[in-house]
Amino acid sequence: MTLTDRRLLLATLDRQLLLERRRLDVAEAVRRVCALQAQSPASPYLALWNRVRDFVPEDLDAAFAERRVVKASLMRITLHAVHAEDYAPYHAAMVGRLRSSRLYDRRFTATGLTDAEADALLPELAGFLERPRTGAEVEGELSGRFGEHARRVWWALRTYAPVHHAPAGGPWSFAQRNSYLAAPTAVRREEAAAGVRRLLLAYLGAFGPASAQDFARFTMLDRPPITRALSELDGPVVRVAGPGRAVLYDLAGAMPPEDTPAPPRLLPMWDSTLLSHAGAGRVVPEKYRPLVVRRNGDVLPCLLVDGRVAGVWRPAGGGLELTAFHELGKAAWLGLTEEAEKLSTLLAGRDPEVYGRYGHWWAKGIPAAERVIVKGP
């Protein structure tokens, strides 16, 4: 059977828990969807609100505090929230890419340190981060040895060292001023191949069917380790025929029927579903990609209608402003309004102006076929 665009979309939405909210423990939900982009502290919470039935933000607060879910630099060299048991293999998969992104950058090479000298600092850094420390505290510790270069040394180390972001308060557990904590177990670089295999299996289980290019987009890994992982996983990973020319890979299992309805959703900024495939088309229509994925990498909070991006949302007017890129029917607006009312209630007790710092994108102009303000509680 050759999969249609619709079947591919539904498969991804189903695995991302976006066809139906499931009653799951928050740590298990994070594991089910592979990882949650956490560049903005609010986003993991709003991602789970879209996916977990009767989601309570305090449950994720507790999971972060108890380190059942951890936040760290991983895929695409950006922050993700992952199940604590997945951190070590994911970091093993990504550490080579994370390391090279910093140690070969002129901002680090200007310090005069060699790669080996940077690596030699890792055990000492782990000892210093046995309890949470701010970036300023780490830089202060390094300044006695590296002087004016301490900030650049820490900039490199905090990206590839086995370091978690520590909860530091604020409405979404993490404040804008980051704190850091050493990961419980150091990861050896020789475990990278096994880490890539585990990450690939988790990715296909959460976003498949997908191509090697899709996985490369999601991770920013180079092709050789991906090709090697696919060859080593011949068996649990199978090839499937899709609508395009790229070879698709998947795990064996059932897929939703083509006529399965996809309910409306209000996705957070940088939702992983919007960043999990090489090109637009599956969830983000090609013509809308420039509107939601801005040139600097900001990915705006999106409206999903029938499983695909149809607009954006933001706090405004004491509630939420929903902007549709094309005209929507009454049924779509009814569903979006109901979701917006529920989200407004959640935000009212935590952060009614969530993502307010990104309002400049609206000030620069968001094309609107229709715009609705949904009042908060």
Side-chain angles (χ1 to χ4, degrees), residues 35 37-39 70-82 86-130 132-166 177-200 215-229 270 275 296-297:
Q37 180 110 356
Q39 186 171 339
V70 298
K71 177 176 173 177
S73 294
L74 288 167
M75 288 70 74
R76 296 188 303 282
I77 319 175
T78 192
L79 293 172
H80 283 80
V82 299
D86 291 331
Y87 171 76
Y90 290 4
H91 186 258
M94 294 303 308
V95 68
R97 184 72 182 89
L98 295 168
R99 182 176 178 275
S100 64
S101 76
R102 294 302 184 256
L103 298 190
Y104 301 155
D105 188 289
R106 63 180 179 175
R107 284 168 286 186
F108 175 78
T109 58
T111 67
L113 268 71
T114 66
D115 299 1
E117 288 171 328
D119 291 341
L121 293 170
L122 296 181
E124 181 181 335
L125 179 65
F128 187 67
L129 294 179
E130 285 184 350
R133 309 272 192 170
T134 66
E137 288 175 320
V138 180
E139 288 175 22
E141 179 72 7
L142 294 172
S143 64
R145 191 180 315 177
F146 302 109
E148 63 181 358
H149 294 312
R151 175 167 293 187
R152 294 185 177 189
V153 173
W154 171 231
W155 169 80
L157 293 178
R158 74 186 184 208
T159 301
Y160 80 91
V163 169
H164 298 164
H165 283 229
R177 186 183 184 190
N178 295 320
S179 292
Y180 303 87
L181 191 62
T185 305
V187 177
R188 297 176 299 175
R189 247 181 284 164
E190 55 266 32
E191 298 171 353
V196 174
R197 291 195 297 272
R198 176 151 167 183
L199 180 54
L200 176 60
F215 184 56
R217 167 73 174 86
F218 178 73
T219 58
M220 287 186 66
L221 287 172
D222 295 328
R223 288 300 296 274
I226 296 174
T227 301
R228 184 164 56 249
W270 291 287
L275 297 163
N296 72 337

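- Residues Pro184 and Tyr87 fail the side-chain proximity criterion, which asks for heavy atoms closer than 4.5 Å.
- Shown here for Leu181 and Pro132, the closest heavy-atom pair between the two residues is CD1-N, 3.4 Å.
- If you look at Tyr90 and His80, their ring centroids are not closer than 6.0 Å.
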Quick one, Arg217 with Arg76, criterion side chain to side chain contact (heavy atoms under 4.5 Å, CB included). Give me CA distance, side-chain angles, the key distance, then yes/no.
CA-CA 8 Å; Arg217 167 73 174 86; Arg76 296 188 303 282; 3.4 Å; yes
Identify every side-chain donor-acceptor pair in residues 137-151 under 3.5 Å, counting partners at least two apart or on other chains, and give the distances.
from   : atom 1 : to     : atom 2 : distance (Å)
Glu137 : OE1    : Thr134 : N      : 2.8
Glu139 : OE1    : Arg151 : NE     : 3.4
Ser143 : OG     : Gly140 : O      : 2.8
Arg145 : NH1    : Glu124 : OE1    : 3.4
Arg145 : NH2    : Glu124 : OE1    : 2.9
Arg145 : NH2    : Glu124 : OE2    : 2.8

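- In this structure, Arg152 contributes its side chain and Phe108 its backbone to no donor-acceptor pair below 3.5 Å.
- For the side chain to side chain contact (heavy atoms under 4.5 Å, CB included) test, residues two or more places apart in sequence or in another chain that qualify with Thr114 are Ala116, Glu117.
- Scanning all heavy atoms of the two residues, the minimum distance from Gly135 to Trp154 falls at CA-NE1, 3.5 Å.
- Across all their heavy atoms, Arg177 and Ala136 have their closest contact at NH2-CB, 4.2 Å.
- If you take CG on Leu74 and CD on Gln37, they are separated by 10.5 Å, rounding to the nearest 0.5 Å.
- To the nearest 0.5 Å, atoms CZ (Arg97) and CE (Met75) are separated by 14.0 Å.
- In plain terms, the two heavy atoms of Ala126 and Ala182 that are nearest each other are O-CB, 3.7 Å.
- Rounding to the nearest 0.5 angstrom, the gap separating the OG atom in Ser73 from the CD atom in Gln39 is 10.0 Å.
- Between Leu103 and Thr109, the shortest heavy-atom contact is O-CG2, 3.5 Å.
- Side chain of Asp222 to backbone of Pro224: no donor-acceptor contact under 3.5 angstrom is found.
- A side-chain N or O of Thr159 and one of Arg102 form a donor-acceptor pair less than 3.5 Å apart.
- Atom CG in Leu98 sits 5.0 Å away from atom CE in Met94 (nearest 0.5 Å).
- Nearest heavy-atom pair across Leu157 and Ala118 is CD2-O, 3.7 Å.
- A distance of 13.0 Å separates CG in Leu121 from CZ in Phe128, rounded to the nearest 0.5 Å.
- At distances below 3.5 Å, not a single donor-acceptor pair connects side-chain atoms of Trp270 with backbone N or O atoms of Leu275.
- Taking the six-membered ring wherever Trp is involved, the centroid distance between the rings of His165 and Tyr180 falls below 6.0 Å.
- A distance of 12.0 Å separates CG in Asp119 from CG in Leu125, rounded to the nearest 0.5 Å.
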